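Worksheet for the structure shown next.
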Amino acid sequence: MASDQELETWRREIKEIDAEILRQVKRRMELALNIGNYKKKHQLPVKDFKVEKQVIEKARDAAKNLGLYPILAEELMTTLIKYSVLRQDELTREGIAPPLDPKREALIIGGAGLMGRWFAQYYESMGFAVSIYDKQPQTGASEYRTHPRLEEGIDRFQLILLATPMQETNTLLLQLADLPVKGLIVEICSLKSPVLSGIKKLREAGLKIASIHPMFGPDTDILAGKNIVFCTAPGLFSEEILQQHFQQTSAQLLLLPLDEHDQLMSYILGASHLINLIYAQVLSRSGHTMGQLKQFGGTTFLKQLEVSSRVVAENQALYFDIQSLNKASPQLIKVLSEALATFSEVIAKGDKQKFQQIMEGAARYFQEAESKQR
């Protein structure tokens with residue numbers, strides 16, 4: 001059994017190690033700053049998703065060899081990479097855009113928006129010369145070349161990505177089908193049914209179209225732990241773009257039949273958004289201030305509050321479209337209403353046994369999912 005003196009010795013050593021870890025983190029950030037200055041001087045993109053993947057995979061392997069949890073190494077390196085990228089990004093925001101490479105050109109339609117700018121940065125990091133077509137003017141110091149008219153020189157782009165609202169995206173797809181497009185067209189909508197007629201017309205015109213769904217927002221700095229869905233169907237080139245443009249990243253790349261996408265998203269996006277919006281409405285009608293609720297909140301409440309506060313601050317028009325344009329939404333709302341009615345009845349009757357049965361059934365659902373992942 002350890003003595004009090006031994007315990008104090010171990011604690012003192014941990015404090016020294018913690019201090020050394022922070023010193024090494026500081027040194028790592030200094031090196032990241034040097035790299036950032038080099039990138040700025042040579043007009044190189046800040047984000048390098050290939051390097052990100054290599055660093056994380058190497059850290060996981062090293063942790064395994066040392067008898068540590070690989071996930072610990074992954075989370076640690078993910079955090080370090082995130083803040084290194086942020087530090088480098090601070091340097092380059094006042095820089096100028098990299099020189100265009102006419103051999104690989106990408107056009108981001110809607111590139112002045114947040115998600116459009118994310119993809120502009122991504123394809124810039126992939127070595128593409130990026131141009132932006134958008135009705136809205138570009139903001140910020142790091143400007144890309146503006147493409148003035150959609151039909152003008154459209155045949156020179158190897159990639160055309162649409163980061164636009166869903167209904168506008170379909171209109172643009174229909175328009176592109178009548179233009180001399182030679183490159184691969186990529187749409188990234190959160191729902192696919194609103195753009196099906198545009199996809200169909202492009203396929204009939206013999207053009208290459210890919211349908212993907214990045215399951216993250218424009219504030220994403222690194223792709224580790226993020227999902228990207230690639231919708232598959234005859235005539236789609238989604239798997240081609242997966243292999244050519246995303247295979248080298250640390251994101252999880254998932255194939256999903258196009259005709260199954262929206263029904264699945266009604267639960268992944270529709271249900272989660274709607275439940276959090278309802279939760280926020282309930283709190284706002286509680287008669288209590290947010291400060292009072294947070295002051296007395298427990299662990300579950302504070303975690304739920306964090307999620308809901310982010311949801312209500314998101315793109316309102318997009319969230320409305322996700323609910324209103326999904327043909328599976330009525331069925332989702334029916335299921336939600338039935339679930340609420342069941343709980344209301346059980347609580348009103350004081351049926352403890354039924355309440356427990358409902359919880360046990362849900363717990364089994366989660367447990368079965370976890371056991372399959374192991």
Side-chain angles (χ1 to χ4, degrees), residues 39 44-57 81 85 97-111 113-133 144-145 147 154-164 169 172-173 176 181-190 192 195 198-199 202-203 207-258 261:
K39 289 178 177 178
L44 299 173
V46 170
K47 299 175 184 178
D48 191 328
F49 295 94
K50 295 179 182 178
V51 172
E52 173 193 318
K53 183 179 182 182
Q54 292 167 2
V55 170
I56 292 172
E57 288 180 346
I81 293 170
V85 168
L100 295 174
D101 177 3
K103 296 179 181 178
R104 298 184 76 198
E105 289 204 56
L107 177 65
I108 311 297
I109 301 177
L114 295 177
M115 205 66 197
R117 290 192 70 81
W118 190 95
F119 273 100
Q121 291 178 357
Y122 179 80
Y123 276 104
E124 181 186 51
S125 76
M126 295 283 291
F128 281 82
V130 175
S131 297
I132 284 176
Y133 173 78
Y144 295 95
R145 185 169 67 175
H147 189 69
I154 194 74
D155 59 336
R156 79 168 188 266
F157 295 103
Q158 285 74 48
L159 177 86
I160 301 171
L161 184 137
L162 288 79
T164 48
T169 297
L172 286 163
L173 292 177
L176 288 170
V181 175
K182 294 182 179 178
L184 174 62
I185 300 168
V186 183
E187 67 82 15
I188 63 167
C189 288
S190 300
K192 301 308 177 185
V195 297
I199 291 174
L202 286 166
R203 287 155 65 184
L207 299 179
K208 298 171 68 175
I209 171 72
S211 177
I212 74 173
H213 184 182
M215 303 297 293
F216 52 83
D219 58 344
T220 297
D221 294 305
I222 58 177
L223 288 175
K226 302 298 189 296
N227 292 337
I228 306 177
V229 176
F230 297 81
C231 292
T232 59
L236 287 185
F237 288 78
S238 305
E239 292 182 69
E240 178 179 312
I241 196 173
L242 180 157
Q243 295 168 0
Q244 295 181 5
H245 297 175
F246 294 93
Q247 190 73 63
Q248 68 274 42
T249 72
S250 55
Q252 180 166 265
L253 312 178
L254 305 164
L255 297 176
L256 179 67
L258 181 67
H261 177 274

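Just so it is clear, the model here is predicted, and its values are computed rather than measured. These numbers come from the heavy atoms of this one structure, side chains and all, not from hydrogens, waters or symmetry mates.
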Pairing residues for [X] by the side chain to side chain donor-acceptor pair (under 3.5 Å) criterion, not counting sequence neighbours:
X: Lys53; answer: none
X: His245; answer: Tyr123
X: Ser211; answer: Glu187, Lys192

| task | Decide yes or no on side-chain contact (heavy atoms from CB on, under 4.5 Å) for Leu242 and Leu255, but give the supporting numbers first. | result | CA-CA 9 Å; Leu242 180 157; Leu255 297 176; 3.9 Å; yes
Measuring from [X]:[atom1] to [Y]:[atom2], what's the distance to the nearest 0.5 Å?
X: Ser131; Y: Ile160; atom1: OG; atom2: CD1; result: 11.0 Å
X: Ile185; Y: Leu176; atom1: CD1; atom2: CG; result: 4.5 Å
X: Leu173; Y: Leu207; atom1: CG; atom2: CG; result: 10.5 Å
X: Leu223; Y: Ile81; atom1: CG; atom2: CD1; result: 10.5 Å

Side-chain donor-acceptor pairs of residues 224-234 under 3.5 Å, sequence neighbours excluded:
unit_1, atom_1, unit_2, atom_2, d
Asn227, OD1, Gln252, NE2, 3.1

| said: Under the criterion side-chain contact (heavy atoms from CB on, under 4.5 Å), I'd like the reasoning laid out for Met126 against Phe246: C-alpha separation, chi angles, the key distance, then a yes or no. | reply: CA-CA 10 Å; Met126 295 283 291; Phe246 294 93; over 6 Å; no
| said: Run the side-chain contact (heavy atoms from CB on, under 4.5 Å) test on Ser125 and Glu52 for me, step by step, so that the C-alpha distance in whole Å, both residues' side-chain angles and the decisive distance to 0.1 Å come before the verdict. | reply: CA-CA 12 Å; Ser125 76; Glu52 173 193 318; over 6 Å; no
| Non-hydrogen side-chain atoms of Arg145 and Glu105 separated by less than 4.5 Å |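 SC-SC contact between Arg145 and Glu105 confirmed.
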| said: Contact between Arg203 and Ile209 at the side-chain level, heavy atoms closer than 4.5 Å - yes or no? | reply: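 Side-chain contact under 4.5 Å: yes.
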| said: Suppose we screen for ring-ring contact (aromatic ring centres under 6.0 Å, His included). Which residues come up paired with Tyr133, at least two apart in sequence or across chains? | reply: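 Once residues adjacent in sequence are excluded, Tyr133 has no partner under the ring-ring contact (aromatic ring centres under 6.0 Å, His included) criterion.
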| query | Take atom CG in Leu114; do more than 12 heavy atoms of anything else shown fall under 6.0 Å from it? | reply |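 Atom CG in Leu114 is not packed in, count stays at 12 or less.
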| query | Which is it for Phe128 and Phe119 under the ring-ring contact (aromatic ring centres under 6.0 Å, His included) test, yes or no, and what are the steps along the way? | reply | CA-CA 11 Å; Phe128 281 82; Phe119 273 100; over 10 Å; no
Would you name the heavy atoms of [X] and [Y] that are closest together and state the gap between them?
X: Leu184; Y: Ala210; answer: CD1-N, 4.1 Å
X: Arg156; Y: Gln158; answer: O-NE2, 3.2 Å
X: Gly116; Y: Ala163; answer: CA-CB, 3.6 Å

| task | Please identify each residue that fulfils salt bridge (charged side-chain N to carboxylate O under 4.0 Å, His left out) with Glu239, with sequence neighbours left out. | result |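 Salt bridge (charged side-chain N to carboxylate O under 4.0 Å, His left out) check on Glu239 returns nothing, list empty.
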| Please walk me through it: do Tyr144 and Ile108 pass side-chain contact (heavy atoms from CB on, under 4.5 Å)? | CA-CA 10 Å; Tyr144 295 95; Ile108 311 297; over 6 Å; no
